[in-house]
Enquirer: 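My questions will all concern the structure given below.
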Amino acid sequence: MEILELITENVAAFLKAEYQAEGPAPKIESTNPNFKGDFTVVVFPYLRISKSNPEATANAMGTYLVEHLDEISGYNVVKGFLNLELADAFWVNCFEELHPKPTEIPAIGKGQKVVVEYSSPNTNKPLHLGHIRNNVLGYSFCQILDANGYDVVKNNLVNDRGIHICKSMLAWQKYGDGETPESSGIKGDHLVGKYYVRFDQEYKKQIESLKNDGQSEEDAKNNAPLILEARKMLQDWEKGNSEVISLWETMNSWVYEGFDQTYATLGVSFDKVYYESDTYLLGKDIVKGGLESGVFYQKEDGSVWVDLTDEGLDHKILLRADGTSVYMTQDIGTAELKYSDFKMDQSIYVVGNEQDYHFKVLQLILKKLGRPHWEGLHHLSYGMVDLPSGKMKSREGTVVDADDLMAEMVQTAKTQTEELGKTEGMSKAELEELYHTLGIGALKYFLLKVDAKKRMLFDPQESIDFQGNTGPFIQYTYARIQSVLRAAENADFNLVSSLETEEKALIRLFTEYPQVVNDSARDFNPSIVANHAYELAKAYNKFYHQCSILGAKEEETKNFRLALSRTCGAILQHACGLLGMSMPERM
RNA sequence: GGCUCCUUAGCUCAACUGGAUAGAGCAGCUGCCUUCUAAGCAGCAGGUUUCAGGUUCGAGUCCUGAAGGAGUCACCA
């Protein structure tokens, strides 16, 4: 905001005029609500210059600022804090300037291309709540980058190959009896997930039996017939065995159909999809190249490794002795492919923090290989969603299924809406849309209001709230604003000369919004936008109760308050759009 | 065991990156719908910011140590 620059300049001028000295730029903060004022300058850093006590220094500075800046109407001093009071006219001017374009964001990303990889599902099981956090976070962050002027490519890397995929394929082959989504009525991804779980159950049985025969735990895990068969299947797959490939294609197509449905319900989308089956060979080639150039080394058994001990890390395998590739191999290949496709300035990976080490290693490897894109790699590392019982594990069935959860949320929205009974006259289709908007909105906001870096807890016993700091609260505020605007005759725009505290609070939050969107992009953190939207909704409801809009005594006041409402609605809608939430006109 | 991260009200989370008397929501209690949507508003209660030191005018925030928890160190992804 310009006012902050003005204050900064005038503090410097004050130091020069008063003490013939230069000092650090002032720390200007919002005044603590317990004190009178709008902005606060902390004067402690200037005591060295003033050689006086905090109060005297602050008073001298305050006097100077009031004299030189029309915007500042007064000041007060508490200890070393100079609280500056800004004139109502200043805030009214702010509103006049911002109101035609309240959601215009400084384009800090202009000219920069960013590929954001998120979702990245495995095709051996359906999505769960952890994946929802990833998807919601990734999608939202793409919207935020876009709002900041970045050229964004939303990218999904599908984990469609590997030993884990072979496990569900093998189990289906052995125990499936030809079951299909059509024959069973089970959604494709869930059907395949069923066999992934089945594999694990049978595998465990075999391990137990081998242990009873006297094998060690580790030997049993390596010698169980099922795991040997799965490994064989992976090798056959890499060799292009037609029977295996055909089974793989069939089962993957079931999964994709299921995922498409889940993505559609969740409201996320992608500009570009990569499949690891298409990128791992490129990865292998690059690893072989690195071996030839001496960046990597080979062990006697034929496996290929990278030595990262100089960087304080470990040795890391890049190709197995049997020649098949590992996770890292694929990621090297995909990184290369992305760069040749997009020549991006930044490559962002939305992946859980359990892979912090993996991405550290990936970046170092790309650097060692001299790839130009190593530097723009950024891991948007987010915390796991834990249950009260601990971590979610697909194989053990302790997951909150994505499809189930979304359906529950929509159902809860329906129940709550019907209880309140405010939807008279809405068609069935409109109602369905409303329930979806509210249910999914509640879910997304629940996941996005928490700092992405932090792990979070989800208790399936307690349903996600629709009151308080929630998505529906913000949606409600928006619907309320729309209701007022609908009831208003098309009013002229005009300004007023003095403000209620609730009006001032709203304008202040309006002015902060563009900076909030910038900060959110810079910090890789959508929760900053979410929290600001909540603050704004809260401030509006307070205003709504305290100040009559349509019933205002003066026509000017009414028009002004309508303009405040319109602006507030626009920002709420924009902010929630960045979070991937839609807004109802009525609820 | 090595490394990384976390610990704020009964519960879930904030705290503008070192500023004032640590804030919200939920749960609990009390008021407010004949007036623009009560999914709302106002209020009460709830805290030694895990503990012990240190740095500083000032520490939830920075440094050291301790306790508890999570992740990772896989030829899983």
Side-chain angles (χ1 to χ4, degrees), chain A residues 27 29-35 40 42 44-45 47 54 78-81 83 120 122 124 159 162-165 167 222 231 276 299 301 303 305 312-314 316-322 324-328 330-331 351-358 360 381 383-384 386 390-391 413 416-417 419-420 422 438 442 446 449-451 453-459 462 465-477 479-488 512 515-516 519 523 527-528 531 534-535 537-538 540-542 544-552 558 561-562 565 586-587:
Chain A
K27 285 201 75 173
E29 304 175 0
S30 300
T31 299
N32 182 306
N34 296 314
F35 301 94
T40 295
V42 184
F44 290 110
L47 302 185
V78 181
K79 293 190 273 182
F81 299 93
N83 299 323
S120 311
N122 293 341
N124 62 334
N159 248 276
I163 188 78
H164 54 297
I165 312 291
K167 288 177 181 176
N222 280 317
R231 282 187 196 142
E276 282 194 353
K299 285 193 177 175
D301 64 1
S303 56
W305 296 71
L313 302 178
D314 241 318
K316 186 83 190 169
I317 189 157
L318 299 175
L319 277 180
R320 297 188 183 105
D322 66 6
T324 57
S325 61
V326 294
Y327 184 37
M328 188 61 77
Q330 298 155 178
D331 265 0
V351 179
N353 63 13
E354 58 192 353
Q355 293 189 34
D356 285 353
Y357 183 76
H358 172 80
K360 226 179 262 178
S381 164
M384 299 286 101
D386 288 327
K391 205 181 168 185
Q416 300 243 350
T417 305
E419 268 174 27
L420 292 168
K422 291 194 283 194
L438 296 178
F446 175 81
K449 75 173 175 183
V450 180
D451 186 336
K453 289 188 293 293
K454 296 193 174 177
R455 66 178 267 272
M456 62 185 296
L457 191 83
F458 176 78
D459 188 348
E462 293 175 33
D465 278 317
F466 280 63
Q467 267 125 36
N469 187 357
T470 65
F473 169 78
I474 300 170
Q475 291 169 320
Y476 170 76
T477 308
R480 196 177 220 189
I481 290 170
Q482 297 318 301
S483 171
V484 173
L485 295 178
R486 276 194 300 272
E512 288 168 356
Q515 181 69 46
V516 161
D519 289 348
D523 291 357
S527 79
I528 299 174
N531 288 326
Y534 173 62
E535 289 302 323
K538 220 166 43 158
Y540 186 84
N541 282 309
K542 200 169 191 171
Y544 181 93
H545 271 266
Q546 200 58 233
C547 308
S548 182
I549 300 165
L550 298 176
K558 187 183 96 176
R561 288 179 180 169
L562 281 168
S565 300
R586 283 184 59 189
M587 65 184 275

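Just so it is clear: chains get the letters A, B, ... in the order the sequence lines come, proteins before strands, and each one is counted from 1. Note that the structure is a prediction, hence the values are computed from the model and not measured.
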Enquirer: What interatomic distance, in whole Å, is found between C1' of B:U8 and the corresponding atom of B:G47?
Expert: 8 Å
Enquirer: Identify which nucleotide among B:C13, B:A77, B:C41 has an atom closest to any side-chain atom of A:H164, counting heavy atoms from C-beta outward.
Expert: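 Minimum distance to the A:H164 side chain belongs to B:A77.
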Enquirer: Would a 4.5 Å heavy-atom cut-off, applied to side chains only, mark A:L313 and A:Y357 as touching?
Expert: yes
Enquirer: Using the side-chain heavy atoms of A:V42, tell me which of these nucleotides is nearest: B:C36, B:A20, B:G19.
Expert: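 Of the candidates, B:G19 comes closest.
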Enquirer: Do A:F81 and the base of B:G19 stack face to face, with centres under 5.5 Å apart and an angle between planes under 30°?
Expert: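 One would not call A:F81 stacked on the B:G19 base.
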Enquirer: Of the nucleotides B:C41, B:G71, B:U21, which one has an atom closest to the side chain of A:K79?
Expert: B:U21
Enquirer: Could you state the CZ-C1' distance from A:R455 to B:U12, rounded to the nearest angstrom?
Expert: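 After rounding, the reported distance stands at 12 Å.
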Enquirer: Can you tell if the side chain of A:L550 reaches within under 4.5 Å of the side chain of A:L562, non-hydrogen atoms only?
Expert: yes
Enquirer: Ignoring the backbone of A:I163, work out which of B:U21, B:A77, B:C13 is nearest its side chain.
Expert: B:A77
Enquirer: In whole Å, what is the span from the NE2 atom of A:H545 to the C1' atom of B:C41?
Expert: 4 Å
Enquirer: Please give, in whole Å, the distance from B:A14 P to A:Y534 OH?
Expert: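 Atom OH in A:Y534 sits about 14 Å away from atom P in B:A14.
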Enquirer: Any chance the side chains of A:D465 and A:T470 put a donor and an acceptor closer than 3.5 Å?
Expert: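 No.
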Enquirer: Less than 4.5 Å apart, side chain to side chain, heavy atoms only: is that true for A:M456 and A:K449?
Expert: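 Of all side-chain heavy-atom pairs linking A:K449 with A:M456, none is under 4.5 Å.
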Enquirer: So, A:F44 and B:G19: ring centres less than 5.5 Å apart, planes less than 30° off, yes or no?
Expert: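 It does: the two rings, one from A:F44 and one from B:G19, meet the stacking criterion.
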Enquirer: Which is it for B:C33, anti or syn, if anything within 90° of zero counts as syn?
Expert: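 In terms of base orientation relative to the sugar, B:C33 is syn.
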Enquirer: Whole angstroms only, please: what is the NZ-C1' distance between A:K538 and B:C26?
Expert: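 Whole-Å distance recorded here is 14 Å.
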Enquirer: Given B:C13, B:U37, B:C36, which nucleotide is nearest the side-chain atoms of A:V450?
Expert: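 Minimum distance to the A:V450 side chain belongs to B:C13.
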Enquirer: Which whole-number value in Å describes the distance from A:K542 NZ to B:G25 C1'?
Expert: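 Distance, rounded to whole Å: 15 Å.
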Enquirer: Pairing check on B:A70: which nucleotide meets the Watson-Crick or G-U wobble criteria with it, both distances under 3.5 Å?
Expert: B:U4
Enquirer: Check every strand shown and say whether A:L420 touches a base, only sugar-phosphate, or nothing at a heavy-atom separation below 4.0 Å.
Expert: base
Enquirer: Return the pairing partner of B:G18 with a 3.5 Å limit on both distances, Watson-Crick or G-U wobble; otherwise return none.
Expert: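 No nucleotide pairs with B:G18.
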Enquirer: With the side chain of A:E354 defined as its heavy atoms from C-beta on, choose the nearest nucleotide among B:C16, B:G71, B:U17.
Expert: B:G71
Enquirer: Is it the case that the base of B:C26 and the side chain of A:N469 share a donor-acceptor contact (distance under 3.5 Å, atom types as modelled)?
Expert: no
Enquirer: Now, which nucleotide makes the Watson-Crick or G-U wobble pair with B:U56, with each of the two distances under 3.5 Å?
Expert: none
Enquirer: Evaluate the side-chain proximity of A:E512 to A:D519: yes if any heavy-atom separation is below 4.5 Å, no if none is.
Expert: no
Enquirer: Would you classify B:U17 as syn or anti? Syn applies when the glycosidic angle is within 90° of 0.
Expert: syn
Enquirer: Searching all strands shown, indicate the nucleotide that pairs with B:G43 (Watson-Crick or G-U wobble; both distances under 3.5 Å).
Expert: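 Its partner is B:C29.
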Enquirer: Is the phosphate of B:G19 approached by A:K27 (side-chain N or O, under 4.0 Å from OP1 or OP2)?
Expert: yes
Enquirer: Give none if B:U12 has no partner; otherwise give the nucleotide forming a Watson-Crick or G-U wobble pair with it, both distances under 3.5 Å.
Expert: B:A24
Enquirer: Using atom CG of A:N353 as one end and atom P of B:C6 as the other, report the distance to the nearest whole Å.
Expert: 10 Å
Enquirer: When we call it a touch if two heavy atoms are under 4.0 Å apart, what does A:K454 touch: a base, just sugar-phosphate, or nothing?
Expert: sugar-phosphate
Enquirer: Given the structure, check if the side chain of A:T31 and the base of B:A20 hold any donor-acceptor pair shorter than 3.5 Å.
Expert: no
Enquirer: Would you indicate what A:N83 reaches in the nucleic acid, counting non-hydrogen atoms under 4.0 angstrom: base, sugar-phosphate, or nothing?
Expert: base
Enquirer: Atom CD1 of A:I481 to atom C1' of B:G40: distance rounded to whole Å?
Expert: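 About 13 Å, once rounded to whole Å.
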Enquirer: Side chain of A:M456, heavy atoms from C-beta onward: which of B:C13, B:G40, B:C36 has the nearest atom to it?
Expert: B:C13
Enquirer: Does the plane of the ring in A:F458 sit parallel, tilted or perpendicular to the ring in A:F446? Use 30° and 60° as the thresholds.
Expert: perpendicular
Enquirer: Nearest whole Å is fine: how far is B:C41 P from A:Y540 OH?
Expert: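 Atom OH in A:Y540 sits about 13 Å away from atom P in B:C41.
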Enquirer: If the threshold is 4.0 Å, N to carboxylate O, is there a salt bridge linking A:K453 and A:D451?
Expert: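 So A:K453 pairs with A:D451 through a salt bridge.
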Enquirer: Output the single nucleotide from B:A77, B:G19, B:A38 whose closest atom is nearest the side chain of A:Y544.
Expert: B:A38
Enquirer: Watson-Crick or G-U wobble partner for B:U37, using a 3.5 Å limit on both distances?
Expert: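 With both distances under 3.5 Å required, B:U37 matches none.
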Enquirer: Looking at A:R320, does any N or O in its side chain come under 4.0 Å of the phosphate oxygens OP1/OP2 on B:C76?
Expert: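 Answer yes for this pair, as a side-chain N or O of A:R320 is under 4.0 Å from OP1 or OP2.
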Enquirer: Nearest to the side chain of A:D451 - B:A14, B:C41, B:A77?
Expert: B:A14
Enquirer: What nucleic acid atoms does A:A488 come within less than 4.0 Å of, heavy atoms only: base, sugar-phosphate, or nothing?
Expert: nothing
Enquirer: I'd like to know if the side chain of A:T40 pairs up with that of A:N32 as donor and acceptor (distance under 3.5 Å, no hydrogens or angles considered).
Expert: no
Enquirer: Given B:A24, B:A20, B:C16, identify the nucleotide with an atom nearest to the side chain of A:V78.
Expert: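 Given the options B:A24, B:A20, B:C16, the side chain of A:V78 is closest to B:A20.
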Enquirer: Go ahead and name the base partner of B:C51; Watson-Crick or wobble counts if both distances stay under 3.5 Å, otherwise write none.
Expert: B:G65
